[in-house]
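Worksheet: one structure, shown below.
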Number of protein chains: 2
Amino acid sequence: MKQPMEPSFPRPLATVDVVIFTVLDERLHVLLVQRLDDADDPFPGMWALPGGFVDIDKDRDLEACAKRKLREKTGVTSPYLEQLGSWGSTKRDPRGWAATHVYFALIPADPVVLEKGANAQDVRWFPVTGKNVVKKLAFDHAMILDTALERLRNKVEYTSLPVYLLPDEFTLSDLQRVYEIVLERPIEKSAFRTRVLSSDMVEAVSKMREGANRPAQLYRLKNPGSLVYFPRTFKPRREMD
Amino acid sequence: MKQPMEPSFPRPLATVDVVIFTVLDERLHVLLVQRLDDADDPFPGMWALPGGFVDIDKDRDLEACAKRKLREKTGVTSPYLEQLGSWGSTKRDPRGWAATHVYFALIPADPVVLEKGANAQDVRWFPVTGKNVVKKLAFDHAMILDTALERLRNKVEYTSLPVYLLPDEFTLSDLQRVYEIVLERPIEKSAFRTRVLSSDMVEAVSKMREGANRPAQLYRLKNPGSLVYFPRTFKPRREMD
DNA sequence: CTAAGATAGTTGCACAATAGCACTAAGTAA
DNA sequence: TTACTTAGTGCTATTGTGCAACTATCTTAG
C-alpha cells in the first residue's frame, strides 16, 4: 500500500500562477492574459492568470519563479508577494495530473507597462467588482481568483496590506481610499487615522502633497515589505468569515 | 525567454507532507516518522514529517493525498485539515528539483494508535515547547515545522482552532486549557467564557461531566468542521506577528 | 481682499467590549 | 459541618469605535 520512494515515480505537472492586483481608476483590477488561439495547448483563446511551468533550470525556488512571471508581464521587480496556496488534482488540466503553486501580488499602478510575451495573445487589467471578473477562465483559475479575492478582502480588514497598492509616498487620505476601494464600503475617517498612526507602521516625510486644496502630510512605510496586524477588524460586529 | 507549454517539459518531484498536531499530557505534540536506515533514499535514519510522493493513480487531489497519509499513520479519517503552503526549490531534495505541498492537521489524542507503515522505521509523538522539537529533521522539515507552529499559535489567538484538539464533547475549562497549552500562557477565565459563548460556536449538551468537584457543563461544536473567527485577539496589546 | 469651496485633520461624547479581579455555586472527602 | 476544588458570575476601569461637529489650510472667483 506504500509508494516507492524512487524519484522515477510518475510526476504530476508543476506550474506557478500569480494573481496580480492593482488599483486603477478608483477600482481594484486583476491582471489576466489571453492564451494563444492557434496553439494546441488547452483552453486556446481563453483568459487566464499569468503563469506557467516551473523551469527547473531557471528558477531557484517557487517564489523566484513567481517573481519571474510577474516581472515578465509587468516589469515590476519588488512587489508585495505572498503565497496563496496550491491546487492539484487529476482533473484541472486536460494534459494530466497537475499541481499549481499560486502566489498573489500587490503592485502600485503607476509605472506598469504590460507586456504580453510570446505565450500570450493579449494582457490586460480587468476591473474586479463584487465577485465575478470574467465568467469563464482557463483551468480552475476562476475559483483561484475568487479565493485570492477572499483572502485579500479578509486580510485588508486587519492588516496594512493596501499600502502595497500605493506608491512609496502617500497621504492618509490616499491610504483610506484604497481601503475603501478594496472593501467596497466607506470607513470612518477618525478611527482610521487613529488606527494607522497608533500602529506605528508609517512615518511622516518632510514634504507635503501640493494640490488645489489644503496640502496633506506625506507618509512612507517604516518597514518596507512587512505587514502590520491591527488588533481588530474595522467593523467589529461584521463576520470575518 | 519563454518556456514551452509542452507537458513533456522536465518536471520537478511532487510530494505532500502533513504536520499533525495533538495534545498529550498537557503538552502540544507533533507526529514524526523515522526514515529507513538501509534504504538508498536521502536522509536515512532521520526523523521527518509524514509524507511522500503524490500518487497520480491513487490521489484524486492534493487534499485527498494528505488525508491518505494522515490515515495511514494514525487511522484518523476526519481531522481538521488545512493547507499550510508549498515549498519548492532546487536544493531541498538531493534527488533534484522538488516541491512539497504541506498540510497541517489537528486531531484529538484519544483514539490514536500509531502505525509506522512500510516506509518508516518508527513513528512517534514529539512534545513541542518553545521553538525547537528535534534539532535536525530531514529535508527542510525543521523550517516547515517552525512555520506550522507559527501559523498554529497565531491563528489560535483569534479563532476556534483548538476545539479540534479535543473530543466531540468538552467543557469550557477543557477548551481554555487547550488554548493555554498551545499559547503557552494563561488566559483570563471570564473573558474567555464570554468570548466563546457569545461567538455562538458551541451548544450545551444535556449531560454534565462527573468528577470529584462541581460538575461542568458539556458543550459540542455547532458547526463541526468550521472555524469561528473572534473579533480580536486574546491580548490586544500583544503584537500578532 | 474677501468669500466660497474643497480637502486635511482634530475633538468630544456616548456606547460597546474586554481585562482584571473578586465573588458566588456546587460538588467531594474528611 | 468544614475544608477544598473546580465551575461559573458580577462589577468596574479602560480602551477603541461610531458619529458628527468642528477647525485648518490651501485655491480660485469676483
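Chain letters run A, B, ... following the sequence lines, proteins first and then strands; every chain starts at 1.
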Round to the nearest Å and state the distance from B:Arg185 atom CZ to C:dG20 atom P. 10 Å

Are B:Arg220 and B:Asp168 within salt-bridge range, i.e. N to O under 4.0 Å? no

Selection from C:dG20, C:dA8, C:dT18 that lies nearest to any side-chain heavy atom of B:Ser190: C:dG20

Among D:dG18, C:dG20, D:dG8, the nucleotide that comes nearest once only the side chain of B:Gln217 is considered: D:dG8

Taking C:dA19, C:dA8, C:dT28 as options, the one with an atom nearest any side-chain atom of A:Ser173 is C:dA8

Does some side-chain heavy atom of A:Leu32 sit less than 4.5 Å from a side-chain heavy atom of A:Leu49? yes

Is the shortest side-chain heavy-atom distance between A:Pro167 and A:Asp110 below 4.5 Å? yes

Provide, to the nearest angstrom, the distance between the CE atom belonging to A:Met208 and the P atom belonging to C:dT7. 17 Å

Using a strict 4.0 Å threshold on nitrogen-to-oxygen distance, state whether A:Arg153 and A:Glu157 make a salt bridge. no

Describe the nucleic acid contact of A:Glu210 in one word from base, sugar-phosphate, nothing, applying a heavy-atom distance below 4.0 Å. nothing

Test for a donor-acceptor pair under 3.5 Å between the base of C:dA26 and the side chain of B:Arg214, counting only N and O atoms. no

Rounding to a whole Å, what distance do you find between A:Gln176:CD and D:dG18:P? 11 Å

Nucleotide nearest A:Glu188 (side chain, heavy atoms from C-beta), chosen from C:dG9, D:dC19, D:dC26: D:dC19

D:dT6 P sits how many Å from B:Phe170 CZ, rounded? 20 Å

Counting only side-chain heavy atoms from C-beta out, which of C:dT18, C:dT10, D:dG8 sits nearest to B:Arg195? C:dT18

When you get a sec, tell me which of D:dG18, D:dA7, C:dT28 is the closest nucleotide to the side chain of B:Arg193? D:dA7

Can you tell me the distance, in whole Å, between the CG atom of B:Leu197 and the P atom of C:dT18? 12 Å

Nucleotide C:dA6, atom C1' - distance to CZ of A:Arg209 in whole Å: 15 Å

Round to a whole Å and report the spacing from CG of B:Asp174 to P of D:dT6. 13 Å

Would the number of heavy atoms belonging to other residues, nucleotides or ligands and lying under 6.0 Å from CD of A:Glu210 be above 12? no

Assert: residue with more 5' nearest nucleotide on DNA chain C, out of B:Asn213 and A:Ala216, is A:Ala216

Go through D:dG8, D:dC26, D:dT17 for me and flag the one nearest to the B:Lys189 side chain. D:dG8

Distance in angstrom units between A:Phe192 CZ and C:dT11 P, rounded: 19 Å

